[in-house]
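Data first, discussion second: the structure below is written as structure tokens.
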Amino acid sequence: MISMLRSFFLFSAVMLIMLLARAASADATPHGIVALSTDQRAGPLVLAADEANFRGEFTVTNNGADPLFVSRIAPRGDDNDVRSPAKLSARFIEGNGSSATIAPHASKRVSVLWSDHDPRVKQLFGEIVVTSTDDNAGEVAMGVRVQMTTAAPAVTDHPLSWLIALPIFAALLIIAMSVFGFGTDALVERIALGATGSGALIALWIFHTFDGNLTRADGNDGFQMIERAVWIRSLHAEYFVAVDGLSVTMVLVVSIVAFLALLVSSSEKPRAFYASFLILAASIVGLFVALDLVLFYVFWCAMFLSAYRLLSVASADSARVSASKLGLVGLVASAILLVAISGLYQHSDRTFLVD
């Protein structure tokens, strides 16, 4: 079984290297004369509050020697592809239109406005797509973002990340305690219970805060608690997590079950059991909230590996046999999923990163 897992890791590494090589040769950054920029350091354009509206500006630059005609600037999406909330608009400041001609080595400013927004919508993640006569670059986009101010933004703006990170940090701490031989078994159990208990409380808060009346027509594809950042640029991969009406319920169920499972389990468990259990709980939550295929695959592999390890440390012979069967199923399923992701990546339409 160990040799099979090693073969799987080798296969995954080869496929990942092939994807990275192809992405690097294609280059994630479009080669053209049109360029988009903001006054901010990096990341998407963050719209600032202006009374009841949110505003921001970015610059479209013509780096070429000939005039550049911008035929259209508009938020990405339509009635059938609701990527941005309603009332998001973009206009050139000079001329106040959605098209313009930019002279060589000149720039024009674009004003982005989110007006009369629905107060129930607490976030905005979208892209302003710029279509021009630059055939080499094709369509380019500027990411825009709004996050309503909360009392404790370090926690309330990233609840899903905390839900995933807490058990992972606890598992790493338990592994370190095992490697360096410090701490008691009782302390390990309390750490595991504290991580899963905190996760259950966060999941309850997420479920309570989630607005079930918001639909896909309200924007953001119907998702809430969105967290999105560029992860592997060459693969166009993002750390992109969010919940909808189904996943928010599953996250709550998984978090509560994880806490209760540890609470009623025997205290005479090896430290590897607690570390594997915590990683398993985090990866299952990650599977329900991941909206990026690469991120989903990482959680998928972590789920099978931690489940395999969890069963293999059990004392019963039947559990070890089950671990071998689960490892085989996970090996085959992960390989098939990796091939499917590779195929989707190579045949998908062009995508835009959040920034």
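Throughout, numbering of the chain's residues begins at 1 and tracks the sequence.
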| request: Take L278 and T196, measure what side-chain contact (heavy atoms from CB on, under 4.5 Å) needs, and give me the verdict at the end. | output: CA-CA 8 Å; L278 290 170; T196 54; 3.7 Å; yes
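- Using a 4.5 Å heavy-atom threshold, the side chains of L280 and M303 count as touching.
- No side-chain heavy atom of R55 sits less than 4.5 Å from a side-chain heavy atom of L47.
- L163 and L172 end up in the same hydrophobic cluster when Ile, Leu, Val, Met, Phe, Trp and Tyr side chains are linked at under 4.5 Å.
- A distance-only check finds no donor-acceptor pair linking the side chain of T38 to the backbone of L45 [under 3.5 Å].
- T209 is not listed as a side-chain neighbour of K122, based on a closest heavy-atom distance of 4.5 Å or more.
- Of the possible donor and acceptor atoms, one in the side chain of E227 sits under 3.5 Å from a partner among the backbone N and O of L160.
- A donor-acceptor pair under 3.5 Å is formed between the side chain of R271 and the backbone N or O of M177.
- Rounded to the nearest 0.5 Å, atoms CZ (F299) and CD1 (I284) are 12.0 Å apart.
- Contact between A282 and I168 at its shortest, heavy atoms only, is CB-CG1, 3.7 Å.
- Side-chain contact between I128 and F58 is present, with at least one heavy-atom pair separated by less than 4.5 Å.
- No donor-acceptor distance shorter than 3.5 angstrom exists from the side chain of E127 to the backbone of A141, with no hydrogens or angles considered.
- Rounding to the nearest 0.5 Å gives a distance of 4.5 Å between CG of L68 and OG1 of T133.
- Residue P104 comes nearest to A65 through the heavy atom pair CG-O, 3.4 Å, listed as atom of the first residue, atom of the second, then distance.
- Distance alone, capped at 3.5 Å, places no donor-acceptor pair between the D292 side chain and the A237 backbone.
- Between the side chain of T61 and the main chain of N63, no donor-acceptor pair closer than 3.5 Å is present.
- Put simply, the side chain of D39 does not reach to within 4.5 Å of the side chain of E57, judged on heavy atoms.
- A distance-only check finds a donor-acceptor pair linking the side chain of Q123 to the backbone of M225 [under 3.5 Å].
- Nearest heavy-atom pair, V285 versus S255, reported as atom, atom and distance to 0.1 Å: CG2-OG, 4.3 Å.
- Considering all non-hydrogen atoms of both residues, A103 and N62 come closest at O-ND2, 3.2 Å.
- In the hydrophobic cluster analysis, where Ile, Leu, Val, Met, Phe, Trp and Tyr join through side-chain heavy atoms closer than 4.5 angstrom, L260 is grouped together with L166.
- Put simply, the side chain of E238 reaches to within 4.5 Å of the side chain of L353, judged on heavy atoms.
- Looking at V248 and F288, their side chains never come closer than 4.5 Å, going by heavy atoms from C-beta outward.
- Within a 6.0 Å sphere centred on CH2 of W205, heavy atoms belonging to other residues, nucleotides or ligands number more than 12.
- F277 is connected to I174 through a chain of hydrophobic side-chain contacts under 4.5 Å among Ile, Leu, Val, Met, Phe, Trp and Tyr, so both are in one cluster.
- Between the side chain of D211 and the backbone N or O of R120, no donor-acceptor pair lies under 3.5 Å.
- Proximity of a side-chain donor or acceptor of S342 to a complementary backbone N or O of L338 within less than 3.5 Å is not detected.
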| said: Show, in sequence, the C-alpha distance, side-chain angles and deciding distance for M148 and F54, and conclude whether the side-chain contact (heavy atoms from CB on, under 4.5 Å) test is met. | reply: CA-CA 10 Å; M148 300 299 180; F54 290 87; 3.7 Å; yes
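- No more than 12 heavy atoms of other residues, nucleotides or ligands lie within 6.0 Å of CZ in F169, so this atom counts as exposed by the packing criterion.
- Linking Ile, Leu, Val, Met, Phe, Trp and Tyr residues whenever their side-chain heavy atoms come within less than 4.5 Å places V155 and I164 in a single cluster.
- Atom CZ of R91 is separated from atom OG of S98 by 5.5 Å, given to the nearest 0.5 angstrom.
- Distance check: S276 OG to Y308 OH gives 11.0 Å after rounding to the nearest 0.5 Å.
- The two residues Y274 and A192 have their closest heavy-atom pair at CD2-CB, 3.7 Å.
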| Residues K108, I93; criterion side-chain contact (heavy atoms from CB on, under 4.5 Å); working and verdict | CA-CA 8 Å; K108 284 186 179 293; I93 295 177; over 6 Å; no
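- Atom CZ of F182 sits in a crowded spot, with more than 12 heavy atoms from other residues, nucleotides or ligands closer than 6.0 Å.
- Between A281 and A258, the shortest heavy-atom distance links the atoms CB-CB, 4.1 Å.
- Residues F207 and F259 share a hydrophobic cluster, clusters being chains of Ile/Leu/Val/Met/Phe/Trp/Tyr side chains in contact below 4.5 Å.
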| said: Set out, in order, the CA-CA distance, both residues' side-chain angles and the distance that settles side-chain contact (heavy atoms from CB on, under 4.5 Å) for L263 and L193, then state yes or no. | reply: CA-CA 7 Å; L263 194 63; L193 283 172; 4.1 Å; yes
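- A distance-only check finds no donor-acceptor pair linking the side chain of N136 to the backbone of I33 [under 3.5 Å].
- Here OG1 of T249 is found 9.0 Å from CG of D244. Values are rounded to the nearest 0.5 Å.
- Rounded to the nearest 0.5 Å, atoms CE (M142) and OG1 (T59) are 8.0 Å apart.
- Inter-residue side-chain proximity for V243 and F223 is flagged as unmet; no heavy-atom pair is nearer than 4.5 Å.
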